[in-house]
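The structure under discussion appears below in the form of structure tokens.
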Amino acid sequence: MAINPFTSFIFSIFIISAIILTAYTFNFYYLAVLAIRKKVKPLKKNIGSPSITIHLPLYNEKYVAKRLVDSICSMDYPKDKMRIMVLDDSDDDTTTILHEQIIAYQKSGFDILHIRRGTRKGYKAGALKYAMSITDTEYVAIFDADFIPPKWFLKRSMPYFTNKKIGLVQCRWGHVNENYSQMTQAQALSLDFHFLVEQKAKSDSHLYMNFNGTAGIWKRDCIDDAGGWHTATLVEDLDLSYRAQMKGWKCLFIEDIVVNAELPVQMNAAKRQQFRWAKGAIQCAVKLLGELLLKRHVPIETKIQAFVQLTRHLSYPLLLIQFLALPIILASEINLNVLKFLPALTIATYLAMGPFAYLVIIYNLWGHDWKKKAKVLPFLLIYSAGLSVNNTVAVFDGLFGKKNEFLRTPKYGIVNNDDDWRDKAYNLPFTKTTLLEIFFGVYGLLGVLIAIFSLNPLFAPIIAIPTIGFWYVAYQSLSHSRFKRNKSDHYKPKAEKMANTYYKLALIGMFAIIIFGAYMSYQGYKTDVYPLDLTRGNLDRIASGGSPESLLIYANEIKELLPKQGNPVWIFATSSTDFGLIQKDVDSLIDSIEAIQNEPKNSPAYTTAMTDIHDRAINLRLNIMDATPYMYASFSNILFSSIWIATILGIFAVLKRKKEHLKAYDLSEDI
């Protein structure tokens with residue numbers, strides 16, 4: 001069957017994306033095999049108590065900063081060998097809280113400094129770079145504000161520096177609030193996969209692993225040899241660890257030392273964190289890959305794995321490409337089954353490559369506790385797919401955008417399941433990315449309908465999973481949004497009431513527009529596209545033969561289903577998609593069928609006429625197939641979509657304006 005050029009292009013993009021995504025997926029499975037098979041026990045020996053400085057980079061962390069400093073000062077390590085530097089770039093109450101706490105610890109004999117640069121230049125990397133200029137110890141440990149290191153952390157970690165070429169010891173992250181919500185459970189499982197699969201496999205081999213920015217100890221000489229902290233990317237940890245390994249240093253992951261931390265509980269905070277990681281990785285790829293690939297002493301497998309790690313976030317735009325392409329391909333009736341005669345094998349292949357393979361990994365990693373983790377897997381698939389829009393924007397921003405502000409992930413000191421964060425400072429409003437998530441959610445609903453009506457119901461779940469993810473992430477982004485000042489907890493009822501009133505009204509308007517858009521999309525499909533699907537079915541029946549009476553019924557139904565005139569290809573239109581001409585061809589087809597009703601079925605005239613009817617039905621079917629994809633992109637649909645998007649953007653503009661008014665109010669109150 002011939003495929004029109006537009007559909008052929010979409011199909012080619014779909015296949016290329018599928019091949020690349022499959023390669024990334026199988027690479028993860030390869031690392032999983034390495035991690036499960038290799039039970040390497042890192043060497044360690046007693047190296048005494050070498051001097052160490054603990055760097056604590058902070059910015060506006062008033063809910064968790066005190067907890068961090070308390071845990072650091074509780075460490076079972078000689079006071080005369082441990083210096084603590086609180087790198088405080090905050091501009092809110094955090095500074096006051098830390099100042100009082102640090103003074104108390106100084107009086108207790110701790111070598112602890114409260115360092116205020118007076119600027120946020122370079123953000124976290126800038127703070128660490130400044131701290132290194134006044135650090136003279138042999139080792140440097142780093143902890144983010146939301147981490148809670150155990151008191152034995154240094155005593156158990158330092159002995160792993162037995163090999164002089166070990167420049168970094170990275171410890172595993174734990175999750176103090178893993179069971180707070182389904183979202184935190186999904187984040188925890190994703191991070192566990194990263195540490196127990198990727199980090200372990202690379203640490204146990206000659207592959208490059210990365211520093212995770214916290215819960216790790218660096219050898220001072222390693223940092224200096226690698227060129228120190230750079231501020232060119234949003235992931236200074238990944239950047240430094242790769243430069244160190246390119247210099248010949250070894251990075252080591254210790255699975256048995258777990259440092260608990262707080263997972264983001266607000267959707268907008270989790271999206272911000274994922275955005276920073278995705279964009280930063282792409283920035284590092286642009287910065288480091290060329291030099292790395294040209295290094296002769298680096299094994300080819302190491303280069304391949306480094307390329308995969310630094311570019312793996314490209315899987316998110318590839319996922320969106322597949323998501324957009326699949327409904328178009330299904331509507332064009334291109335067969336995507338693994339075997340044309342066995343559609344069930346397609347779903348079996350998807351399951352084997354995805355959920356089933358992950359279940360095998362979970363079983364091997366967690367043993368008897370695997371069922372608890374397995375229950376989270378379906379939600380992780382939905383959550384990860386839902387974040388693909390956010391992370392795709394980050395990828396393109398990393399490739400083409402300028403270096404932007406390091407936006408830290410706000411934390412609220414959430415430990416227990418009944419802890420609340422909604423009335424605390426640092427809450428983030430939703431962003432324009434939410435608009436795209438809503439768009440993809442609506443598109444996904446149409447895609448599910450197309451899969452069903454095109455007689456490809458086995459593909460409906462494949463479209464439905466990311467669709468549910470888009471709606472979930474968009475809904476949580478909206479429902480988790482709050483307007484709350486960050487500089488203090490001073491209550492300003494009039495300003496806050498005004499902001500939240502506008503927010504609620506905007507939220508109601510947003511949902512009303514979404515529902516209206518979904519309804520109009522459904523009606524548009526039912527009115528414009530579904531009749532063409534029915535037409536193709538009737539043409540298939542005519543092409544397969546039958547009595548003239550039944551063929552005449554099908555042909556008359558086609559005439560009623562098709563538009564009377566018009567051409568869906570409104571730019572560079574062709575005669576093959578002109579409905580006026582197609583209607584004339586249908587009239588001619590009806591005349592031919594009526595003409596043979598009285599002909600004997602075994603006569604040469606009858607046979608010749610039926611062959612002609614068969615051929616004309618096939619040609620008409622090809623014309624309808626050419627026209628179908630353009631019905632989605634009709635002028636009216638584009639106009640409606642533009643108005644729909646403009647309306648939602650208008651709501652965003654109103655919210656932004658009110659947010660600016662709120663900030664202006666805060667500033668006027670502080671004068």
Side-chain angles (χ1 to χ4, degrees), residues 24-44 146-153 155-157 159-160 169-205 207 209 212 214-216 252-265 270 347-385 414-419 461 465 469:
Y24 278 111
T25 301
F26 277 116
N27 183 76
F28 179 79
Y29 297 153
Y30 167 70
L31 293 177
V33 171
L34 290 182
I36 293 169
R37 282 185 178 179
K38 289 196 174 185
K39 304 295 182 181
V40 178
K41 280 282 186 180
L43 296 175
K44 62 178 181 177
D146 54 304
F147 278 70
I148 315 170
K151 65 179 182 179
W152 43 257
F153 176 81
K155 281 196 170 181
R156 286 185 55 181
S157 301
Y160 287 100
V169 169
Q170 171 68 58
C171 298
R172 179 181 162 193
W173 293 7
H175 321 292
V176 71
N177 61 334
E178 177 176 354
N179 295 318
Y180 186 79
S181 65
Q182 287 183 311
M183 187 179 79
T184 55
Q185 289 178 334
Q187 292 177 77
L189 182 57
S190 177
L191 287 170
D192 288 343
F193 277 140
H194 168 66
F195 282 102
L196 297 177
V197 173
E198 296 175 323
Q199 294 291 68
K200 188 174 186 303
K202 294 171 182 177
S203 175
D204 293 347
S205 64
L207 305 179
M209 61 166 276
N212 294 103
T214 177
L252 190 64
F253 168 64
I254 308 301
E255 176 184 352
D256 297 332
I257 299 180
V258 180
V259 183
N260 282 332
E262 181 182 332
L263 294 162
V265 294
I347 292 299
T349 303
Y350 274 95
L351 292 175
M353 288 178 55
F356 287 164
Y358 274 92
L359 285 175
V360 172
I361 295 172
I362 289 173
Y363 179 78
N364 280 276
L365 290 178
W366 279 278
H368 296 298
D369 296 329
W370 74 276
K371 291 182 179 180
K372 181 180 178 182
K373 291 292 184 179
K375 291 178 181 178
V376 183
L377 181 60
F379 191 79
L380 174 60
L381 297 176
I382 291 172
Y383 173 74
S384 299
I414 302 298
V415 176
N416 302 311
N417 287 353
D418 56 353
D419 290 342
I465 289 175

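Numbers here simply count residues along the sequence, with the first being 1.
In this structure, I361 and Y29 have side chains that are in contact, with non-hydrogen atoms separated by less than 4.5 Å. V415 is not listed as a side-chain neighbour of N177, based on a closest heavy-atom distance of 4.5 Å or more. At a threshold of 4.5 Å between non-hydrogen side-chain atoms, the residues D256 and R156 count as touching. In this structure the side chain of L359 reaches within 4.5 angstrom of the side chain of F356, judged on heavy atoms. Between C171 and V258, the closest side-chain pair of non-hydrogen atoms is not below 4.5 Å. Between L263 and Y180, every side-chain heavy-atom pair lies at or beyond the 4.5 Å cut-off. The shortest side-chain heavy-atom distance between L34 and D204 does not fall under the 4.5 Å cut-off. At least one side-chain heavy atom of I254 sits less than 4.5 Å from a side-chain heavy atom of P42.
Of the possible polar contacts, one joining the Q187 side chain to the P264 backbone as a donor-acceptor pair under 3.5 Å is found. The backbone N or O of N416 lies less than 3.5 Å from a partner atom in the side chain of D419, making a donor-acceptor pair. Judged purely by atom type and a 3.5 angstrom limit, T184 uses its side chain to pair as donor or acceptor with the backbone of S181. Remark: the backbone N or O of N212 is paired with a side-chain donor or acceptor of Q170 at under 3.5 angstrom.
Classified by interplanar angle (parallel below 30°, tilted 30° to 60°, perpendicular above 60°), the ring pair F379/Y383 is parallel. Using cut-offs of 30° and 60° for the angle between ring planes, the F195 and W173 rings count as tilted.
K200 approaches A35 most closely through the heavy-atom pair NZ-O, 3.2 Å. Here the closest non-hydrogen pair linking N260 and G174 is OD1-CA, 3.4 Å.
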Go through K373 and D192 one step at a time and tell me if the salt bridge (charged side-chain N to carboxylate O under 4.0 Å, His left out) criterion holds.
CA-CA 10 Å; K373 291 292 184 179; D192 288 343; 3.0 Å; yes
What verdict does the side chain to side chain contact (heavy atoms under 4.5 Å, CB included) test give for R172 and I257, after you've listed the backbone C-alpha separation in whole Å, the side-chain angles of each residue and the deciding distance to 0.1 Å?
CA-CA 6 Å; R172 179 181 162 193; I257 299 180; over 6 Å; no
Please report the C-alpha distance between V197 and L31 in whole Å, then the side-chain angles of each, then the deciding distance to 0.1 Å, and finally whether the side chain to side chain contact (heavy atoms under 4.5 Å, CB included) criterion is met.
CA-CA 6 Å; V197 173; L31 293 177; 4.1 Å; yes
May I have the step-by-step check of ring-ring contact (aromatic ring centres under 6.0 Å, His included) for F253 and Y160, ending in yes or no?
CA-CA 10 Å; F253 168 64; Y160 287 100; over 10 Å; no
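To the nearest 0.5 angstrom, F28 atom CZ is 6.0 Å from E198 atom CD.
Y363 pairs by the side chain to side chain donor-acceptor pair (under 3.5 Å) definition with nothing, not counting sequence neighbours.
Counting only residues at least two apart or on different chains, no salt bridge (Lys or Arg N to Asp or Glu O under 4.0 Å) pair has a member in residues 179-190.
Aromatic rings from F153 and F147 are positioned such that their centres are separated by 6.0 Å or more.
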